[in-house]
Every structure is written in C-alpha cells, then in structure tokens.
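Everything below concerns the one structure shown next.
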Amino acid sequence: MPTHQYPILNAQSLSPTRDALHAYARILGDGLKTSRAKRKHWWHASLRPSLTGISTGLVRSAIDFEIELNLRDSVLQCHNANGAQLTQELTGQSPTEINALVRGFTEADGVDDSGIEAEFAGYSREAAGKMGRTIGLISSALESFRSGIAEETSPIQLWPHHFDLSMLWARGRENPRPGPTQRGILGQTNEFWIHIW
C-alpha cells in the first residue's frame with residue numbers, strides 16, 4: 001500500500017484562505033440546489049473532489065455546465081456545453097463578486113451569498129494549493145476504502161455548508177422505491193465524515 005506525504009497545514013495562516021474557499025463552495029452548493037433535481041441524501045447539493053480541487057461535476061440544465069474551484073492554480077473555471085468558458089483568478093474576492101460571476105455564467109436564479117461584501121485579506125495561492133492537495137489525498141484514501149465495500153456507498157462528496165468530506169456506507173436490504181429524499185437502503189447506515197479544516 002502506498003504512503004503519501006500530506007502537506008503541513010498551519011491553522012492560523014490557513015484561515016483566510018479556508019474561509020474564502022468555504023464561502024465560494026457554499027455559493028456553488030446553493031446554486032446546485034436550484035439547478036439539480038432533488039436526490040436522496042441531498043446528493044444534489046454536494047460538490048465532488050476533482051483533479052485540481054473541487055467541482056460541481058456535470059450539471060444538466062438548459063445549457064449543461066460544470067464549475068470548478070481549481071485550488072492548484074487558484075482559479076474559478078466554468079465551462080458549458082456550448083463551448084463558453086470563464087476563468088477567474090481567485091485572490092480572496094468577496095462572495096458577492098464570485099456569486100455574480102457564477103450566476104452570470106450559468107444564468108441561474110440568485111443564490112444566498114450572505115451579503116458578505118468584504119474580501120478575504122490574507123488569501124494565499126500556496127495555502128489553496130495545499131488544501132487542494134490534502135482534499136485529493138483524503139479523497140483517494142476514501143476511494144480505496146470504498147472499493148472494498150460490497151454494500152451501497154455514496155460518492156465521495158464535499159459538503160459546502162460545513163466544508164467537509166464524507167462518504168455514506170449503507171448496510172442492509174435495498175429499498176425498492178426510494179424517493180428523492182429517502183434512503184435507498186433499509187437498515188443500518190454508517191456515515192464517514194472527515195472534517196479537515
């Protein structure tokens with residue numbers, strides 16, 4: 001089994017970058033709630049780890065799109081099915097500014113940006129890169145763990161509200177008719193939450 005060297009994260013110097021990325025992730029998550037059909041366990045509102053950070057994944061809409069917070073390069077990247085692209089360097093902008101960019105690109109309804117006008121002084125590209133690397137390594141470990149489980153498991157997800165990673169492991173018998181917010185498995189469920197910040 002390979003071993004990985006995790007980046008050293010200093011909580012005090014990391015906090016402005018973490019707070020900025022948490023706010024940006026919440027904007028993406030709120031947008032997903034209005035763009036995607038409801039799914040069991042609120043999976044429609046979660047983000048996914050990506051090669052360079054965290055992503056909405058493919059969102060089916062009037063014009064399909066994907067939005068990524070590329071933490072390696074500290075940029076917001078938006079793509080849609082018509083070939084339109086938006087790339088914006090992340091420098092600690094206010095959530096209001098990021099919200100306006102995302103809304104303008106997706107032409108989605110407004111989402112709650114909590115009215116935070118202030119920028120995040122002390123935002124660091126280096127800290128964002130370390131956070132992205134940490135998310136990737138933890139996601140990889142969860143994927144390895146998940147691959148050995150025979151029962152139903154969820155995708156590895158990043159929850160914007162608390163800015164944490166999780167995986168659901170449902171043990172029991174299958175529910176033949178789960179609704180959009182009901183469990184797909186009847187019986188015991190284990191949830192693995194990793195609060196990394």
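Just so you know, these numbers come straight off a predicted model, no measurement behind them.
Within the 4.5 Å cutoff, the side chain of Phe120 has heavy atoms near those of the Pro95 side chain. Side chains of Leu90 and Ile98 form a contact here, defined as non-hydrogen atoms less than 4.5 Å apart. Between Met167 and Gln157, every side-chain heavy-atom pair lies at or beyond the 4.5 Å cut-off. When side chains are defined from C-beta on, Pro160 does not count as touching Leu28, because their heavy atoms never get closer than 4.5 Å. Looking only at side-chain heavy atoms (C-beta outward), Leu32 and Leu47 come within less than 4.5 Å of each other.
Distance check: Leu21 CG to Met131 CE gives 5.0 Å after rounding to the nearest 0.5 Å. Taking OG1 from Thr34 and CZ from Arg103, the interatomic distance works out to 10.5 Å, rounded to the nearest 0.5 Å. With values rounded to the nearest 0.5 angstrom, Thr96 atom OG1 is found 11.5 Å from Gln93 atom CD. Here the CG-CZ distance, from Leu86 to Phe105, works out to 6.5 Å after rounding to the nearest 0.5 Å. One distance of note links CG of Asp164 with CG of Leu158; it measures 7.0 Å at 0.5 Å rounding. The CD1 atom of Ile156 lies 7.5 Å from the OG atom of Ser166; values are rounded to the nearest 0.5 Å.
When every heavy atom of Glu119 is checked against every heavy atom of Glu97, the shortest pair comes out as OE2-OE1, 4.5 Å. Nearest approach of Ser50 to Ile54, heavy atoms of both residues: OG-N, 3.5 Å. Between Leu14 and Ala127 the shortest heavy-atom distance is CD1-CB, 3.8 Å. When all heavy atoms of Arg60 and Asp64 are compared, the pair lying nearest together is NH1-OD2, 2.7 Å. In plain terms, the two heavy atoms of Pro49 and Ile135 that are nearest each other are CB-CG2, 4.2 Å. Phe65 approaches Ser35 most closely through the heavy-atom pair CZ-OG, 4.0 Å.
Between the side chain of Asn82 and the backbone N or O of Ala84 there is no donor-acceptor pair closer than 3.5 Å. The closest donor-acceptor contact from the side chain of Arg146 to the backbone of Ser154 lies under 3.5 Å. Remark: side-chain polar atoms of Ser140 are not paired, donor with acceptor, to backbone N or O of Gly136 under 3.5 angstrom.
Ser46 and Arg48 are linked by a side-chain donor-acceptor pair at a separation below 3.5 angstrom, with hydrogens and angles left out of the test.
In this view, His22 and Phe163 satisfy the ring pair (Phe, Tyr, Trp, His ring centres under 6.0 Å) rule, not counting sequence neighbours. Glu66 pairs by the salt bridge (charged side-chain N to carboxylate O under 4.0 Å, His left out) definition with nothing, not counting sequence neighbours.
Counted within 6.0 Å of CD on Glu143, heavy atoms from surrounding residues, nucleotides or ligands total more than 12; the atom is thus considered enclosed.
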Intermediate values then yes/no, side chain to side chain contact (heavy atoms under 4.5 Å, CB included), Thr106 and Val59: CA-CA 10 Å; Thr106 62; Val59 178; over 6 Å; no
Solution key, residues 71-78 side-chain donor-acceptor pairs under 3.5 Å, sequence neighbours excluded:
residue : atom : partner : partner atom : Å
Asp73   : OD2  : Asn70   : ND2          : 3.2
Ser74   : OG   : Tyr123  : OH           : 2.6
Gln77   : OE1  : Asn70   : ND2          : 3.4

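The same ILVMFWY cluster, assembled from side-chain heavy atoms under 4.5 Å apart, contains both Leu165 and Phe145. Linking Ile, Leu, Val, Met, Phe, Trp and Tyr residues whenever their side-chain heavy atoms come within less than 4.5 Å leaves Leu58 and Leu69 in two separate clusters.
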